[in-house]
2 protein chains.
Amino acid sequence: MNVTALEEYGLRCAVQLASLPEGKTLSAPDIAEREGLSIEYVSKFMLLLKRAELVRTVRGIKGGFALSRQPAEISLKEVLDALNGRKKAGSEFCKSFTGKSEACVRFGSCSIRPFWDLLSGYVEEFTSRMTLADLVRPEEEIREKTSSIASDHVGQMRNRELRS
Amino acid sequence: MNVTALEEYGLRCAVQLASLPEGKTLSAPDIAEREGLSIEYVSKFMLLLKRAELVRTVRGIKGGFALSRQPAEISLKEVLDALNGRKKAGSEFCKSFTGKSEACVRFGSCSIRPFWDLLSGYVEEFTSRMTLADLVRPEEEIREKTSSIASDHVGQMRNRELRS
DNA sequence: CTGAAACAATACTTTTTTGTACGGATTTTA
DNA sequence: TAAAATCCGTACAAAAAAGTATTGTTTCAG
């Protein structure tokens, strides 16, 4: 389970936009400069973010990129999904299978799937509730927020247990 | 953030061994058969697990593989690390950098790093406390266990907050 | 109106990951 | 002791991901 390059660098570019004053735009060369990345690579990320409608663009000289919504209204999950383009997370492995069999052997009963599902469930919740605005604030405030996400998560799991 | 093929299929093979009666071994062809994977591919995983000393082998005809410890004593983190072979999780991005700069631009102050660190911290804790034994038990018991891991996690975060 | 600077899009190259193939070493069994 | 079945290890091929290059379109400024 690892972070992809697209997620890592694409998120950085998004954070650059999030730290921009309202109404301003930033050009690809500017972002590339600030992040120490190549202009072409930055352009690639920005195109993905634009297609996901997270970013709006201004063309022509003096053009550039800006977030299409407030930083606090854009979850990290949205950003990461836009960059990652729908990967097989968790249960996708059950269908697309590499071996001889048509599908996964454990079709009826499988204890590995719930393991991945629980883990990725937490990741989803965490990234859904963190926003771009959180990543332009000082470090200390992040820890505070994650703590509350985690305790909500526990609450939800308890509820699921009770219902079942 | 996605699960690699090595993690997914390698873990399955490890679980096959975990569900084996004490003292018994399972050959690569057997595992391949049970998982619907190719023998060569299975051999690759088993080699990795052996090198990490999670698995012991018996050579020659009638040979095979067995876990070198009790399933309950082998964490999923150990298995996944063995398969994944030390990837750049989180903070590795700060050093190995793709762009022009020597290292990451945000060297002094960075709020993206703590985000990944907190997330991967949870993943580490989760996978450290789940064991192979957990994955051979029925699904329902997994949920129970994950719930307790999560609430401990919250407790730890609270403590960190208080100390800082 | 023309050139410069920017976004848009696709094609291309390189590197990594995924998965297979094969030859050698080891041990049991007949 | 020889054959068969197994692990061991590397080399190889195919696919995907990571980055780069290039060409086209838009817009501003002079």
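In the text below, chain A, chain B and the rest are named by the order of the sequence lines, each starting its count at 1.
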Item to check | Where at least one partner belongs to residues 16-35 of chain A, residue pairs that pass ring-ring contact (aromatic ring centres under 6.0 Å, His included), sequence neighbours excluded | outcome: none
Checklist entry - Which angle, rounded to 10°, do you find between the first-five-pair axis and the last-five-pair axis of the helix from dC1(C)-dG30(D) to dA30(C)-dT1(D)? => result 10°
What's the closest nucleotide to the [X] side chain, out of [options]?
{"X": "Ala28(A)", "options": "dC7(C), dG9(D), dT22(D)", "answer": "dC7(C)"}
{"X": "Arg51(B)", "options": "dT20(D), dG19(C), dT10(D)", "answer": "dT10(D)"}
{"X": "Pro29(A)", "options": "dC7(C), dT20(D), dA9(C)", "answer": "dC7(C)"}

Item to check | By side chain to side chain donor-acceptor pair (under 3.5 Å) - contacts of Thr127(A) (at least two apart) | outcome: none
Checklist entry - Contact class for Lys44(A) vs. all strands (heavy atom < 4.0 Å): base, sugar-phosphate, or nothing? => result base
Applying side chain to side chain contact (heavy atoms under 4.5 Å, CB included), name anything that partners [X], two or more places apart in sequence or on another chain.
{"X": "Glu53(A)", "value": "none"}
{"X": "Ala28(B)", "value": "Ile39(B), Val42(B), Ser43(B), Phe65(B)"}
{"X": "Leu48(B)", "value": "Leu6(B), Leu83(B)"}

Checklist entry - Do the ring planes of Tyr41(B) and Phe45(B) sit parallel (below 30°), tilted (30 to 60°) or perpendicular (above 60°)? => result tilted
Expressed in angstrom and rounded to an integer, what is the separation of [X] atom [atom1] from [N] atom [atom2]?
{"X": "Leu48(A)", "N": "dC7(C)", "atom1": "CG", "atom2": "C1'", "value": "14 Å"}
{"X": "Leu47(B)", "N": "dT6(D)", "atom1": "CG", "atom2": "P", "value": "18 Å"}
{"X": "Asn84(A)", "N": "dA17(D)", "atom1": "CG", "atom2": "P", "value": "9 Å"}
{"X": "Glu8(A)", "N": "dG19(D)", "atom1": "CD", "atom2": "C1'", "value": "16 Å"}
{"X": "Leu26(A)", "N": "dC7(C)", "atom1": "CG", "atom2": "C1'", "value": "14 Å"}
{"X": "Glu7(B)", "N": "dT17(C)", "atom1": "CD", "atom2": "C1'", "value": "13 Å"}
{"X": "Tyr41(B)", "N": "dC7(D)", "atom1": "OH", "atom2": "P", "value": "18 Å"}
{"X": "Leu37(A)", "N": "dA18(D)", "atom1": "CG", "atom2": "C1'", "value": "12 Å"}

Checklist entry - Is the ring centre of Tyr122(B) less than 6.0 Å from the ring centre of Tyr122(A)? => result yes
Next on the checklist: Show me the pairs that pass salt bridge (charged side-chain N to carboxylate O under 4.0 Å, His left out) and involve residues 62-72 of chain A, at least two apart or across chains.
Outcome noted: Arg69(A)-Glu78(A)
Next on the checklist: Can you pull out every salt bridge (charged side-chain N to carboxylate O under 4.0 Å, His left out) where at least one residue sits in residues 125-135 of chain A? Sequence neighbours excluded, please.
Outcome noted: Glu125(A)-Arg129(A), Arg129(A)-Asp152(A), Asp134(A)-Arg137(A), Asp134(A)-Lys145(A)
Checklist entry - For dT20(C), does OP1 or OP2 lie under 4.0 Å from any side-chain N or O of Ser38(B)? => result yes
Item to check | side-chain N/O Lys50(B) vs dC8(D) OP1/OP2, d < 4.0 Å | outcome: yes
Item to check | Given DNA chain C, 5'-ward residue of the pair Phe45(B) and Asp30(A), judged by closest heavy atom | outcome: Asp30(A)
Next on the checklist: Near DNA chain C, counting only heavy atoms under 4.0 Å, which residues of residues 56-68 of chain B show up?
Outcome noted: Arg59(B), Gly60(B), Ile61(B)
Item to check | NZ/NE/NH1/NH2 to OD/OE distance under 4.0 Å, Glu40(A) and Lys44(A) | outcome: no
